[in-house]
Amino acid sequence: MGYIRKATEKLERFKNRHDTRILAIETSCDETACAVVRNGREALSNVISTQIETHKKYGGVVPEIASRKHIELIDYVVDEALVGAKTHLGDIDAIAVTMGPGLVGALLVGVSHAKAMAFALEVPLAGVHHIEGHICANYIQHRDLEPPFVCLVASGGHSHLVHVKGYGQYKILGRTRDDAAGEAFDKVARALGLGYPGGPLVEKEAQKGDPGAVAFPRTYLEPGSLDFSFSGLKTAVLNHLNVCRQRGEAVNTADVAASFQSAVIEVLVDKTIMAAKKCSTDTVVLAGGVASNGRLRSEFESRCADEGFLLKYPSKLLCTDNAAMIGATGYYRLRRGLMSTMTLNAVASMEIDSY
Ligand code: KG4
Ligand code: ZN
């Protein structure tokens, strides 16, 4: 029997079953990750092999090296995820994989592996949007969380405000017009000589500094706009460093890190609260690598408490790239009958609300 017929039959069963296991793969950037997810909500395993040490010496991710590393690692990571979940290949009901956005060569490794597995096991395949994955990480962390809610997705490549109206129903309320929040952290870290990846290093440095030391700009754009812009802030940090150097003044790295971090966080919090009010939702959700920032979390905690919003965010492990979030997303797509075929391809740039 042909693959499509068999997978379609299994998809119909999947939609009605109460005990399902998805094997999910994520290779969009510099983490090779695989997870086994039960019923879209429980990560039986969540294996992440990071390439940070490899890319560190170049000051950022080198796409070609990332692809090669994924090829070297993927078999081991998949095996470890199966063993960790005490699950045999024959118990896998479906395969989910990040199809984009991301580095196309890196994505292709995961997509090819996932297609081969789905074909060999004759199970349905779900191509998943990476940012949708970040949002759905919250379904793993908070098993009772249901849409609707407003979600801030702040990662290395994206800063989005999304109204999550239902499973798979997204309205983009705002997005960055230039640098993503995480990208700004990474660029400022490089300028401060802190290294890569920037976010956690800036956060650590900022703990020793005064957030009010340097008055960096907060960019709000037009009144009522829910878009972001962080390139002006990044330039202001670079200018501040140049002026200090030209005057022969010592740079207080901790103060600059703390002042920069506080400027980013203030705008992210203000705009997210604005979005939640606009959508009349009572729940604010955070996602993406930047959401693992402790200061960002505590600022959100206090603002949400003041304004009467319920706040949810994932564990640090589920904030940054992982495959459990892709399994959760794939689960809800397959439940809605959205199955990918063997023509599934990696897509470097794609929209969350139109795939
Ligand atoms: O979501 P993610 O793992 O990958 C992308 O999809 O981009 O996010 C990575 C980004 C990087 O820019 C990193 O510097 C940032 O998240 N990040 C942080 C923190 N941890 C990671 N930014 C601020 N504070 C952190 N603690
Ligand atoms: Zn990500």
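Every number for a ligand or one of its atoms is a count from 1 in the order of the listing. What you see is a predicted model; the values in this text were computed from it and never measured.
- Under a 3.5 Å cut-off, the side chain of Arg335 and the backbone N or O of Phe14 do form a donor-acceptor pair.
- Residue side and main chain included, His158 places no N/O/S atom under 2.8 Å of the Zn ion (ligand 2).
- Of all protein heavy atoms, the one lying nearest to atom 25 (C) of ligand 1 is Gly199 C, 3.6 Å.
- No donor-acceptor contact under 3.5 angstrom links the side chains of Thr20 and Asp93, judged on distance only.
- Of the protein's heavy atoms, Asp321 N, 3.1 Å lies nearest to atom 3 (O) of ligand 1.
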Q: Verify side-chain hydrogen bond (donor to acceptor under 3.5 Å, both in side chains) between Glu31 and Thr50, making sure each step is shown before the conclusion.
A: CA-CA 4 Å; Glu31 330 280 355; Thr50 182; 2.8 Å; yes

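- For atom 26 (N) of ligand 1, the nearest protein heavy atom (residue, atom name, distance) is Glu203 OE1, 2.7 Å.
- When distances from the Zn ion (ligand 2) to the N, O or S atoms of His134 are compared, NE2 comes out shortest.
- From the protein, the heavy atom lying nearest to atom 7 (O) of ligand 1 is Gly156 N, 2.8 Å.
- For atom 20 (N) of ligand 1, the nearest non-hydrogen atom of the protein is Ser292 OG, 3.2 Å.
- Checked against Ile352 for a side chain to side chain contact (heavy atoms under 4.5 Å, CB included), the options His158, Glu132, His134 give a single hit: Glu132.
- In Glu31, neither the side chain nor the backbone holds a heavy atom less than 4.0 Å from any atom of ligand 1.
- Under the 4.5 Å side-chain criterion, counting only non-hydrogen atoms from C-beta, Asp270 is in contact with Glu266.
- Nearest protein heavy-atom neighbour of atom 13 (C) of ligand 1: Asp186 OD1, 3.8 Å.
- Using cut-offs of 30° and 60° on the angle between ring planes, the pair Phe230 and Phe228 is parallel.
- Checking His70 against Thr32 by side-chain atom types alone, a donor-acceptor pair falls below 3.5 Å.
- Polar contact check, Pro197 against ligand 1: no nitrogen or oxygen pair lies under 3.5 Å apart.
- Heavy-atom proximity to Thr320, at under 4.0 Å, picks out these atoms of ligand 1: 3 (O).
- Donor-acceptor pairing under 3.5 Å is lacking for the side chains of Tyr313 and Gln141.
- Of the protein's non-hydrogen atoms, the one nearest atom 21 (C) of ligand 1 is Gly289 O, 3.4 Å.
- Residue Pro200 places a heavy atom less than 4.0 Å from ligand 1.
- When only modelled atom types and interatomic distance are considered, Arg21 and Thr87 share a side-chain donor-acceptor pair under 3.5 Å.
- Of the possible donor and acceptor atoms, one in the side chain of Lys115 sits under 3.5 Å from a partner among the backbone N and O of Leu344.
- The name of the N, O or S atom in Asp321 nearest to the Zn ion (ligand 2) is OD1.
- Heavy atoms of His130 come nearer than 4.0 angstrom to ligand 1 in at least one pair.
- Ranking the protein heavy atoms by distance from atom 24 (N) of ligand 1 puts Asn293 ND2, 3.0 Å first.
- Heavy-atom proximity to Gly157, at under 4.0 Å, picks out these atoms of ligand 1: 7 (O).
- For the salt bridge (charged side-chain N to carboxylate O under 4.0 Å, His left out) criterion with Arg303, the lone passing option out of Glu301, Glu307, Glu299 is Glu307.
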